[in-house]
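Reading through the structure tokens given below for one structure.
Not measured: the values here are computed from a predicted model. In what follows, chains carry the letters A, B, and so on, assigned in the order in which the sequence lines appear, proteins first and then strands, with residues in each chain numbered from 1.
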Amino acid sequence: MKETKNIVLAEDNTTLSQLLKFRLQKEGYNAFIAQDGKQAISLIEQHKPNLILTDIMMPFISGLEVISHVRNKLKSEIPIIVFSAAGQEEMVLKAFNLGATDFMSKPFSPNELIIRIKRILM
Amino acid sequence: METFKILQNYFQQLPIELKFVWILSFILTVFAIIFTVYLKILRISLRKKEALTIKYQKEYEDLLLSFLFEEIENNELSNKQNQFIKKIENEINNNFKREIIVETLLKLKNEVSGEIETAIQDIYLKSNLKEHAYKQLKSKKWDKVANGIKEFTKFKVKEAYPEIKKLIKYPKKEVRKEVELYLVSLFHFEGLEFLNDLKISLSEWDQIELLEELQKLDNQEIPDITVWLNSKNDSVVSFSLKLAKIYNKYETVETLLKLLDHKNQKIRLQVIDVLTHLQVLDAKDILKNSFKKRSQEEKIAIFKMFENICELSDEDFIVENTTNSNFEIQYLAIKMLKEINEKAFNYLLKSQNKFKNKELLKFVQNN
Amino acid sequence: MNTTTLNTIIQIIHYLFFSYAFLAIFSYVVLSIISAFETIDYFKKNSFVNYKKILSSNIAPSISIIAPAYNESLNIVENVRSLLSNHYANYDVIIVNDGSKDNSLELLIKAYDLVKINYLINPQLKTQPLRKGVFKSTNPAFEKLIVVDKENGGKADALNMGLNISNSKYVACIDVDCLLLEDALQKMVKPFLEVTDKKVVATGGVIRIANNSIIKEGKLMEVNLPNKLIERAQILEYLRSFLLGRMAWSRLNGLLVISGAFGMFHKKIAIEIGGYDTSTVGEDMEIIVRMRRHLEEQKVNYKVAYIPDPLCWTEAPDNYKTFVSQRNRWTRGTIEVLRKHRKLAFNPNYRNLGLLSYPYWLIFERLAPVVEVIGIIYFGILLALREVKWDYALAFFILAYLFTTLLSLGAIYSEELTYHQYKKKGTGFKLILISLLEPFVLHPFVLYAAVRGNLDYFFNKKKKWGEMTRKGMGNINK
């Protein structure tokens with residue numbers, strides 16, 4: 001029996017997050033949206049998702065802190081994909097150092113994102 | 001009635017200057033009342049506008065998403081597109097609504113690429129949104145013109161090129177900046193042609209914006225920048241130096257070395273920075289020879305450059321500067337000495353008393 | 001004494017007072033109009049600027065935020081978190097713990113995984129020495145943070161330490177409890193990068209009062225008008241001075257002060273002129289005046305710019321005691337700075353600085369409370385001698401009151417048209433009410449504090465900063 005996978009998405013652009021939510025739901029995933037790092041962490045702790053998608057630049061707690069919290073405080077190995085605006089190489093490196101699984105630079109193709117998600121959640 | 005008569009009598013018997021003062025007070029009171037009333041009206045209208053904006057934003061967002069989502073499902077592109085366009089066409093004529101529609105489209109378009117971006121682009125081109133942008137180009141107000149150009153840039157409307165090109169010499173620099181961004185955004189490096197005969201200064205902010213635009217492209221066909229490096233316009237030189245650094249234009253090294261004698265110190269500093277990034281060993285001798293003639297800032301920059309490429313052959317130069325009066329140079333010199341010749345460094349440690357700043361030595365020793 | 005001579009003297013005194021008042025009023029009107037133009041201009045130019053591009057750019061210049069802290073343990077962890085969440089790519093945060101007697105350092109070490117590091121400090125400016133040392137985080141998420149623990153030396157001394165430590169091109173000197181909005185750094189650094197015909201050496205920002213606004217985890221959630229009259233009156237005062245005053249001075253290139261709560265400088269120039277002066281309580285004004293003076297002497301074509309956007313929110317005194325203490329300090333600061341740089345007065349070698357800014361500040365800012373007090377005393381004398389011409393007194397007091405009120409209304413109007421920060425219903429009415437009340441509720445205390453300031457300056461040399469009991473912005477929950 002296949003159980004539905006949960007995904008937490010942290011993104012402050014509402015149009016984008018809605019679009020991604022629809023897309024993810026169409027693929028059969030449960031998507032929970034957070035508007036900032038703090039909300040993301042509370043959703044992660046609440047739903048224990050199978051995958052986390054997070055933007056790096058967010059209000060309150062940045063995406064980097066989310067990764068750090070998940071890996072170091074929650075000691076969890078949940079795969080994390082980060083988005084970053086183009087040109088933020090340093091941020092991306094830091095994200096990987098903190099334990100991110102994959103990254104996609106913005107603007108990105110939602111189709112490609114889905115492919116990567118499927119690969120990770122295989 | 002009585003009080004009014006009393007007041008009237010009082011006023012009549014006042015000397016002229018006091019009459020004037022009271023009249024002035026009266027005028028100010030009237031102003032104050034008008035202000036107060038107007039303030040109330042203003043606040044109400046602002047509040048309404050905000051509520052409306054939020055309402056429309058949600059509406060258009062949902063509309064757009066439902067269209068896009070269905071489009072993915074059914075692959076009936078044109079049909080759904082036309083439906084969406086029809087829906088918004090009426091609304092477009094209202095300035096307020098149109099702005100929100102454009103904003104909503106861009107909000108998503110800026111974040112995504114691929115099918116969805118193309119779909120949004122199509123909507124823009126097929127609807128008559130761009131007619132309004134064309135109108136703005138012809139406006140007498142410069143901020144409307146700039147806005148129009150910006151819209152064309154964001155939606156990558158190449159057909160607007162002839163109209164926009166005419167504006168390249170517009171008197172307001174904000175408009176010129178938008179034109180430049182348009183050209184670079186759509187035509188990439190070809191769009192930089194305007195640098196050839198640019199007479200006015202390109203500000204740092206503009207340069208950063210242009211470079212960010214250029215960096216978005218994956219396909220980097222960078223043209224020859226030597227012409228720009230030799231430009232009489234210092235800001236163009238500065239811009240091309242940035243290009244040299246970002247795109248690692250090793251082939252420009254000769255020109256760069258010549259620029260070390262440019263009359264503008266800022267340019268010279270920038271050149272040293274680029275040479276540092278490219279790790280050009282050839283520069284070392286030139287800089288060592290002209291070291292004493294250069295300004296303090298340049299000397300510091302030169303030492304920062306040597307930090308990564310110093311060799312034993314530079315030892316004399318470095319030792320000479322371990323007693324340089326400038327803290328930063330001294331630190332770098334001592335640090336480099338330790339790297340290239342530990343013996344000489346230890347010798348230096350022994351004659352510590354020559355140094356006023358013993359902490360400097362200790363720090364390098366321990367790190 | 002002859003009655004006619006007495007009358008003539010009285011007449012002259014009256015004319016002097018009137019001229020002063022008239023000139024003051026005239027200057028406010030002119031400044032307001034210039035401010036209005038400058039603000040609208042700024043708005044137009046920046047309405048379609050894409051700040052996001054700059055924030056993620058590696059080519060954007062480096063900025064260090066320097067925040068001195070003294071006994072701030074109540075909020076310091078939250079404040080630092082807020083500073084670290086700014087949306088600029090190329091910046092770092094230098095917290096200078098200025099010999100705090102509390103456990104600020106320990107709290108920071110714990111919250112941000114700090115460890116002591118070996119850091120070579122370039123002693124360009126003389127400061128008090130380090131105490132516990134320099135600390136950085138082991139967690140890459142907090143890589144931008146540097147905490148410096150040093151012996152107490154005062155705010156100016158702490159800022160100078162920050163200047164020594166920073167490796168950036170620009171420094172933003174702030175109060176540690178200031179809430180900076182996410183795009184504050186981009187907006188403040190823009191003048192440095194976009195002005196081509198002059199060298200921008202400093203930019204100042206508007207300080208907004210955060211009392212009663214809701215701040216959670218270092219982010220401004222909701223803007224509310226505070227409840228106490230004294231707080232509201234200060235909001236009005238800040239609006240007047242920032243929106244109707246400083247914008248004009250910026251346009252005239254005559255800005256003499258950038259708020260110590262939030263200002264950005266060209267680091268090299270700040271160090272070149274010797275950093276902050278530790279012997280004055282008005283160090284924020286002093287450094288600008290000295291910087292301008294130095295640049296005028298060097299004949300550099302420079303500009304001090306100003307950003308009207310609300311970028312920095314801070315706590316204002318909510319009781320009269322703290323308020324008076326603060327204004328007392330401001331008064332002493334002004335006197336100290338004007339005295340130190342008196343060479344500038346009416347000196348044509350210093351162009352606008354000497355012929356316009358300094359005289360204006362001297363006559364209408366520094367001397368205003370003095371003139372007012374003399375006026376009150378004079379009125380008191382007339383009252384005692386029963387020489388008061390009540391017709392005149394009444395007419396002019398009412399005119400003065402109306403004028404002040406109108407100016408305040410103008411400030412509110414400006415604010416509504418531009419930033420419209422107070423959106424809740426009923427706030428408009430409350431603001432108008434406070435415009436009517438301010439001359440009674442705030443101004444007397446401003447005057448009193450100024451008098452105390454003058455007295456303290458001349459007769460009481462021991463006074464320094466005074467304490468401001470922290471209420472804790474993070475504790476305000478709805």
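Atom CZ of C/Phe22 has 12 or fewer heavy atoms from other residues, nucleotides or ligands within 6.0 Å. Counting non-hydrogen atoms of neighbouring residues, nucleotides and ligands closer than 6.0 angstrom, the CZ atom of B/Phe96 exceeds 12 such neighbours. Other residues, nucleotides and ligands place no more than 12 heavy atoms under 6.0 Å from the NZ atom of B/Lys266. Residue B/Leu7 qualifies as enclosed at atom CG: its count of foreign heavy atoms under 6.0 Å is above 12. When the shell of 6.0 Å around CZ of C/Phe18 is examined, it contains more than 12 heavy atoms from other residues, nucleotides or ligands.
No side-chain heavy atom of B/Lys245 sits under 4.5 Å from any side-chain heavy atom of C/Ile59. Annotation: side chain of C/Ile412 is not in contact with side chain of B/Phe35 (no heavy-atom distance under 4.5 Å). The closest side-chain heavy-atom distance from C/Asp391 to B/Tyr10 is below 4.5 Å. Side-chain contact between C/Gln124 and B/Phe327 is absent, with no heavy atoms from C-beta onward closer than 4.5 Å. You'll find the side chain of B/Pro15 reaches within 4.5 Å of the side chain of C/Tyr392, heavy atoms only. No side-chain heavy atom of C/Lys44 sits under 4.5 Å from any side-chain heavy atom of B/Lys141. Residues B/Leu28 and C/Thr405 are not in side-chain contact: their nearest non-hydrogen atoms beyond the backbone lie 4.5 Å or more apart. Side-chain contact between B/Trp22 and C/Leu394 is present, with heavy atoms from C-beta onward closer than 4.5 Å.
Of the listed residues (B/Asp206, B/Leu46, B/Ile44, B/Leu24), the one with the most heavy-atom contacts under 4.5 Å to chain C is B/Leu46. Highest contact tally toward chain B, considering only C/Gly410, C/Pro123, C/Ser435, is held by C/Pro123 [criterion: heavy-atom pairs under 4.5 Å]. Listed options C/Tyr422, C/Tyr401, C/Phe429 were ranked by heavy-atom pairs under 4.5 angstrom with chain B; first place goes to C/Tyr422. Counting heavy-atom pairs under 4.5 Å between each of B/Glu50, B/Lys242, B/Glu328 and chain C puts B/Glu50 at the top. Contact tally against chain B (heavy-atom pairs below 4.5 Å) for C/Ile432, C/Leu409, C/Leu402, C/Asn122: the top residue is C/Asn122. Taking chain C as the reference chain and counting heavy-atom pairs below 4.5 Å, the highest number among B/Ser203, B/Ala32, B/Ala146 is found for B/Ser203.
Taking CZ of B/Phe20 as the start and CG of C/Leu399 as the end, the distance is 9.0 Å to the nearest 0.5 Å. With values rounded to the nearest 0.5 angstrom, C/Leu406 atom CG is found 10.0 Å from B/Ile34 atom CD1.
Heavy-atom distances place the side chain of B/Leu14, and not its backbone, under 4.5 Å from chain C. Heavy atoms closer than 4.5 Å to chain C are found in the side chain of B/Glu178, but not in its backbone. Of the atoms belonging to B/Phe31, heavy atoms from both backbone and side chain fall under 4.5 Å from chain C. Neither the backbone nor the side chain of C/Leu407 comes within less than 4.5 Å of any heavy atom of chain B. Neither the backbone nor the side chain of B/Lys177 has a heavy atom closer than 4.5 Å to any heavy atom of chain C. For C/Phe192, no part sits under 4.5 Å from any heavy atom of chain B, backbone or side chain.
Of all the heavy atoms in B/Leu18 and C/Ala395, the pair that sits closest is CD2-CB, 3.8 Å.
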| query | side-chain contact (heavy atoms from CB on, under 4.5 Å) between B/Glu204 and C/Glu194: does it pass, once the steps are laid out? | reply | CA-CA 6 Å; B/Glu204 282 291 314; C/Glu194 65 170 359; over 6 Å; no
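When each of C/Lys424, C/Lys423, C/Lys425 is checked for a side-chain contact (heavy atoms from CB on, under 4.5 Å) with B/Arg47, only C/Lys425 meets the rule.
The closest donor-acceptor contact from the side chain of B/Arg43 to the backbone of C/Gly426 lies at 3.5 Å or more, if one exists at all.
Residues C/Tyr413 and B/Tyr38 place their aromatic rings such that the two centres sit under 6.0 Å apart.
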